[in-house]
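Hydrogens, waters and symmetry mates play no part in the numbers below; they use all other heavy atoms, side chains included. Fair warning: this is a prediction, and the values are worked out from it, not measured in the lab. The first residue in the sequence is number 1, and the count goes up from there.
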Amino acid sequence: MRIRWILLLYVAIEIAAIVGLAKWLGLGWALLITLLTALAGYAFLASRGRRVISDLRRAARNEIKPTEPLPDTALLGLSSVLVIVPGIVSTVLGVVLMAAPTRRAVRPAVTAYGAKRFAGLVSALSANTVYLGGDVIDGEVVDGSVAVPSQQRELPPGH
């Protein structure tokens with residue numbers, strides 16, 4: 001039910017933006033601006049995507065901390081959805097979300113949200129962990145044959 005209201009609000013905002021732009025500049029200019037905004041969003045998305053992939057590779061090689069590119073990856077995913085969804089308002093929001101100052105400002109909130117979700121996932125998984133019972137014996141596994149002494153050695157007195 002909630003998603004219907006979000007979609008309805010999205011459609012209303014996009015229609016209002018196109019109608020307002022068409023009344024202000026004319027229908028031809030409004031459509032051209034919408035098309036150019038989408039093309040610019042795709043180009044910016046491609047360049048930002050290459051950068052995030054590069055950061056993930058650097059993190060895999062331990063050149064940077066592995067947690068550094070994660071918020072940018074999440075933001076890239078959200079902005080990708082906003083750019084791909086048709087409409088000038090969503091495309092502009094997606095491009096703004098990809099911009100460096102916006103990412104820098106939003107990164108702590110994304111990190112906190114991700115940490116909270118991860119903690120919830122860990123607690124949900126640990127709640128479903130099954131303990132089968134039984135005894136745990138601490139020891140070592142030895143491969144090969146084990147030599148058992150035939151006679152016990154006596155220790156000197158005092159030991």
Side-chain angles (χ1 to χ4, degrees), residues 1-138 140-141:
M1 186 74 165
R2 183 177 172 193
I3 192 76
R4 288 185 198 166
W5 287 109
I6 292 172
L7 288 174
L8 186 63
L9 181 64
Y10 158 73
V11 169
I13 289 172
E14 291 293 352
I15 289 174
I18 269 292
V19 168
L21 202 57
K23 282 192 180 249
W24 184 41
L25 299 173
L27 183 60
W29 284 109
L31 293 176
L32 182 64
I33 288 172
T34 303
L35 179 65
L36 291 176
T37 305
L39 290 175
Y42 290 136
F44 198 40
L45 178 62
S47 108
R48 186 70 205 132
R50 282 190 295 272
R51 171 78 180 189
V52 167
I53 295 296
S54 168
D55 287 348
L56 288 171
R57 283 186 184 133
R58 288 178 50 214
R61 291 189 304 257
N62 287 330
E63 294 173 4
I64 60 174
K65 286 196 293 187
T67 54
E68 283 182 13
L70 293 180
D72 284 345
T73 306
L75 289 172
L76 179 70
L78 178 60
S79 32
S80 298
V81 170
L82 289 172
V83 166
I84 290 171
V85 168
I88 193 166
V89 175
S90 62
T91 301
V92 168
L93 284 175
V95 169
V96 165
L97 196 56
M98 281 189 267
T102 308
R103 279 194 335 270
R104 228 181 345 266
V106 177
R107 193 175 289 140
V110 172
T111 303
Y113 179 76
K116 181 179 177 184
R117 293 285 296 183
F118 185 72
L121 178 67
V122 168
S123 67
L125 288 175
S126 64
N128 293 330
T129 302
V130 177
Y131 177 66
L132 298 176
D135 295 330
V136 177
I137 300 172
D138 190 24
E140 295 179 18
V141 175

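Scored by the side-chain contact (heavy atoms from CB on, under 4.5 Å) test, Val92 finds Thr37, Ile88, Val96 as partners (sequence neighbours excluded). Ser80 meets the side-chain hydrogen bond (donor to acceptor under 3.5 Å, both in side chains) test with no other residue; sequence neighbours excluded. Residues forming a side-chain contact (heavy atoms from CB on, under 4.5 Å) with Leu27 (at least two apart in sequence, or on another chain): Ala22, Leu31. Under the rule for a salt bridge (Lys or Arg N to Asp or Glu O under 4.0 Å), Arg104 has no partner lying at least two apart in sequence or in another chain. Arg58 is linked by a salt bridge (Lys or Arg N to Asp or Glu O under 4.0 Å) to Asp55, Glu63, counting only residues two or more places apart in sequence or in another chain.
Closest non-hydrogen pair, Ala17 versus Val89, comes out as CB-CG2, 3.4 Å. Scanning both residues, Val83 and Thr91, for their nearest heavy atoms gives O-OG1, 3.7 Å. A pairwise comparison of heavy atoms in Arg103 and Leu97 identifies CG-O, 3.3 Å as the closest pair. Shown here for Pro69 and Ile64, the closest heavy-atom pair between the two residues is CD-CD1, 4.2 Å.
Taking the side chain as every heavy atom from C-beta outward, Leu76 and Met98 approach each other to under 4.5 Å. Within the 4.5 Å cutoff, the side chain of Leu8 has no heavy atoms near those of the Arg4 side chain. For the pair Leu82/Val95, no side-chain contact is recorded, criterion being any heavy-atom separation below 4.5 Å from C-beta on.
Atom CG in Leu78 sits 12.5 Å away from atom OG1 in Thr73 (nearest 0.5 Å). The CZ atom of Arg61 lies 11.0 Å from the CG atom of Leu56; values are rounded to the nearest 0.5 Å. If you take CD1 on Ile6 and CG on Leu9, they are separated by 8.5 Å, rounding to the nearest 0.5 Å. Annotation: the span from Arg50 atom CZ to Leu45 atom CG amounts to 10.0 Å, rounded to 0.5 Å.
Judged as a salt bridge (charged side-chain N to carboxylate O under 4.0 Å, His left out), the pairs with a partner in residues 28-49 (not counting sequence neighbours) are, in order, Arg48-Asp72.
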